[in-house]
Peer 1: 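Supplied in structure tokens, the structure appears directly below.
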Amino acid sequence: MNCNICPKKCNVDRKTTLGFCRAPYDYAVSKAMLHMWEEPAVSGENGSGTIFFAGCNMRCVFCQNFEISQLREKNYITMDDEKLSDVMISLMEKNANNINLVSPMHYADRLPGAIRLAKDKGLDIPIVYNTNSYELVETLSMLDGLVDVYLADFKYVSTELSKKYSGTRDYFEYADKAVREMFRQVGETVYDEKGLIKKGVIVRILLLPGHVLDAKAVFKKLFNEYGNKIAYSLMNQYCPLFGAKNFPEINRDVTGKEYNRFVNFALDMGFTNGFIQGEKRRENGKKSIYTPDFDLGGLDIEK
């Protein structure tokens with residue numbers, strides 16, 4: 001069957017032809033690990049059991065995971081439902097708080113099979129679906145009852161910015177509907193006694209340098225619809241890597257003044273549910289520590 005599961009609707013047979021996401025039909029996985037640098041309610045003390053998929057249906061010039069999202073080289077292995085479910089079980093056995101599927105959009109139609117297999121094998125921790133939100137509602141509906149937490153980007157309101165920096169003119173149109181479907185499925189956020197999220201939607205808003213107004217517009221749009229029924233992650237982790245050098249206006253860090261303007265705007269609107277992610281940490285002044293090495297670790301294969 002030809003692939004039309006995301007808004008790109010490439011209509012190609014991924015067993016023989018690569019579509020826009022450049023990901024093959026079988027799951028392309030680059031790493032599995034306990035991730036300590038997600039939101040506090042996701043990572044907690046034990047870490048989030050994170051599985052990084054290669055490929056992406058967007059082309060963000062500032063992508064932190066560009067090594068695998070843009071598939072500049074084949075730094076992944078392919079696996080079927082059985083193997084992916086085993087990776088989930090392995091992470092649970094390492095005391096992960098949850099299973100965190102990163103950039104799974106181009107496998108959303110197949111994931112129900114792998115998740116059900118893992119549950120049959122004893123998986124009993126929350127499933128986190130970590131997405132850029134450039135999704136089709138009808139595809140997300142396949143995950144209804146299987147995903148506990150949606151960890152969703154909401155990158156832009158501006159069509160001009162989404163086209164310029166992510167090659168995706170219609171981003172807002174689809175992300176808006178996608179988050180609405182996510183909320184329909186999982187409802188208001190629920191935390192356990194340790195503050196770990198068990199159910200709900202967390203929306204990430206990454207502030208881009210020079211674009212406080214659009215970040216405010218994103219927050220205002222969401223808060224007017226959901227209030228504090230969903231959680232918000234106000235992020236200051238932007239790092240000018242990859243293609244940002246071709247856009248001088250965003251080829252710098254966000255300033256403290258810019259971030260404070262964004263946070264104060266959200267607080268003034270009544271934001272109480274979520275995370276102020278203001279810390280920026282680099283390795284050698286460049287790479288963010290939040291980005292792992294995609295070395296096929298945790299996949300139990302010969303390198």
Side-chain angles (χ1 to χ4, degrees), residues 37-43 56 58-66 69 102-103 130-134 150-169 171-172 175-176 178-179 201-228 230-283 285-291:
W37 300 109
E38 300 285 43
E39 281 72 10
V42 177
S43 284
C56 187
M58 294 180 71
R59 291 287 184 271
C60 300
V61 301
F62 49 82
C63 181
Q64 298 288 289
N65 295 345
F66 71 91
S69 67
V102 177
S103 298
N130 189 333
T131 173
N132 62 22
S133 299
Y134 191 51
Y150 282 99
L151 183 54
D153 293 347
F154 207 117
K155 297 177 182 293
Y156 314 95
V157 165
S158 167
T159 297
E160 178 184 352
L161 296 183
S162 66
K163 173 63 176 176
K164 184 176 185 180
Y165 299 137
S166 296
T168 311
R169 180 178 294 278
Y171 176 80
F172 174 79
D176 184 28
V179 171
V201 179
I202 300 174
V203 174
R204 287 171 161 171
I205 307 173
L206 175 67
L207 179 60
L208 301 182
H211 295 296
V212 177
L213 289 179
D214 196 64
K216 287 181 177 181
V218 170
F219 183 85
K220 183 177 181 180
K221 186 264 174 274
L222 292 168
F223 198 80
N224 282 342
E225 183 165 354
Y226 305 103
N228 285 302
I230 67 175
Y232 305 89
S233 183
L234 311 183
M235 301 181 73
N236 190 22
Q237 280 78 21
Y238 176 83
C239 186
L241 295 173
F242 187 41
K245 64 182 180 295
N246 298 319
F247 300 88
E249 72 278 10
I250 62 168
N251 194 26
R252 64 171 176 85
D253 279 346
V254 170
T255 67
K257 183 177 180 180
E258 287 174 319
Y259 186 64
N260 289 337
R261 283 171 57 202
F262 176 40
V263 170
N264 289 335
F265 175 82
L267 292 172
D268 287 345
M269 283 201 70
F271 158 68
T272 59
N273 184 11
F275 317 95
I276 297 174
Q277 303 274 78
E279 184 179 21
K280 290 185 285 192
R281 298 177 67 180
R282 305 276 195 267
E283 289 180 355
K286 294 182 179 180
K287 182 179 177 181
S288 169
I289 66 162
Y290 308 109
T291 304

Peer 1: Could you pull out the closest heavy-atom pair between D214 and K155, with the gap in Å?
Peer 2: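 Shortest heavy-atom contact: OD2-O, 3.9 Å.
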
Peer 1: Is the backbone N or O of K220 less than 3.5 Å from a side-chain atom of N224, with the two atoms forming a donor-acceptor pair by type?
Peer 2: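 Judged by distance alone, yes, a pair lies under 3.5 Å.
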
Peer 1: To the nearest 0.5 Å, what is the distance between CZ on F154 and CG on L222?
Peer 2: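 F154 CZ to L222 CG: 5.0 Å, rounded to 0.5 Å.
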
Peer 1: What pairs with Y171 under side-chain hydrogen bond (donor to acceptor under 3.5 Å, both in side chains), at least two apart in sequence or on another chain?
Peer 2: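 Testing Y171 for side-chain hydrogen bond (donor to acceptor under 3.5 Å, both in side chains), a comparison that skips the adjacent residues, returns none.
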
Peer 1: Hey, what do you get for OH (Y134) to CG (D153), rounding to the nearest 0.5 Å?
Peer 2: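 The distance works out to 14.5 Å.
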
Peer 1: Yes or no on side chain to side chain contact (heavy atoms under 4.5 Å, CB included) for N130 and V42, after CA distance, side-chain angles and deciding distance?
Peer 2: CA-CA 11 Å; N130 189 333; V42 177; over 6 Å; no

Peer 1: Could you check if a side-chain atom of V212 sits within less than 4.5 angstrom of a side-chain atom of F265, using non-hydrogen atoms only?
Peer 2: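 No, every pair of side-chain atoms sits at 4.5 Å or beyond.
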
Peer 1: List the atom of D253, the atom of P240, and the distance in Å for their closest heavy-atom pair.
Peer 2: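 Looks like OD1-CD, 3.5 Å.
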
Peer 1: Hey, could you give me the CG/CD distance between D176 and E225, rounded to the nearest 0.5 Å?
Peer 2: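 The CG atom of D176 sits 6.0 Å away from the CD atom of E225.
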
Peer 1: What closest approach, in Å, do S69 and F66 show between heavy atoms, and which atom pair accounts for it?
Peer 2: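 Distance-wise, the nearest heavy atoms are OG-CA, 3.2 Å.
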
Peer 1: Does atom CZ of R252 have more than 12 heavy-atom neighbours from other groups under 6.0 Å away?
Peer 2: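 More than 12 heavy atoms, drawn from other residues, nucleotides or ligands, come within 6.0 Å of this atom.
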
Peer 1: List the atom of S166, the atom of C60, and the distance in Å for their closest heavy-atom pair.
Peer 2: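 What the structure gives for the nearest pair is OG-SG, 3.0 Å.
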
Peer 1: Between Y156, Y165, Y238, F262, which is the residue that forms a ring-ring contact (aromatic ring centres under 6.0 Å, His included) with H211?
Peer 2: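 It is Y165, the one option of Y156, Y165, Y238, F262 that forms the ring-ring contact (aromatic ring centres under 6.0 Å, His included) with H211.
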
Peer 1: Measure from the side-chain N and O atoms of Q237 to the backbone N and O of Q277, and report whether any donor-acceptor pair falls under 3.5 Å.
Peer 2: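 Flag set: sc Q237 to bb Q277 pair under 3.5 Å.
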
Peer 1: Between Y226 and V203, does a side chain to side chain contact (heavy atoms under 4.5 Å, CB included) hold up when you go through it step by step?
Peer 2: CA-CA 11 Å; Y226 305 103; V203 174; over 6 Å; no

Peer 1: When rounded to the nearest 0.5 angstrom, what distance separates CG in N251 from CZ in F62?
Peer 2: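 Reported value, rounded in 0.5 Å steps: 13.0 Å.
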
Peer 1: In Å and rounded to the nearest 0.5 Å, what is the OG to CE distance from S162 to M58?
Peer 2: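 CE of M58 is found 7.0 Å from OG of S162.
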
Peer 1: Donor-acceptor check, side chain of S43 to backbone of E38, threshold 3.5 angstrom: yes or no?
Peer 2: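 Checking the backbone N and O of E38 against the side chain of S43, a donor-acceptor pair under 3.5 Å is found.
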
Peer 1: Just verifying a value: how many Å separate L213 CG and E258 CD, rounded to the nearest 0.5 Å?
Peer 2: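 Interatomic distance, L213 CG to E258 CD, rounded to 0.5 Å: 10.5 Å.
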
Peer 1: Between A215 and L207, which heavy-atom pair has the shortest distance, and what is it?
Peer 2: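 Of all heavy-atom pairs spanning A215 and L207, the closest is CB-CD1, 3.7 Å.
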
Peer 1: What closest approach, in Å, do N273 and N228 show between heavy atoms, and which atom pair accounts for it?
Peer 2: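 Looking at all heavy atoms of both residues, the closest pair is ND2-O, 3.0 Å.
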
Peer 1: Just wondering, do Y259 and L234 contact through their side chains at under 4.5 Å, heavy atoms?
Peer 2: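 Answer yes - side chains close enough.
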
Peer 1: Is there a donor-acceptor contact under 3.5 Å from the side chain of S233 to the main chain of M235?
Peer 2: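 No; judged by distance alone, with no hydrogens or angles, the pair does not exist.
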
Peer 1: Parallel, tilted or perpendicular: which one describes the rings of Y232 and F271, with boundaries at 30° and 60°?
Peer 2: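 It falls in the perpendicular class, over 60°.
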
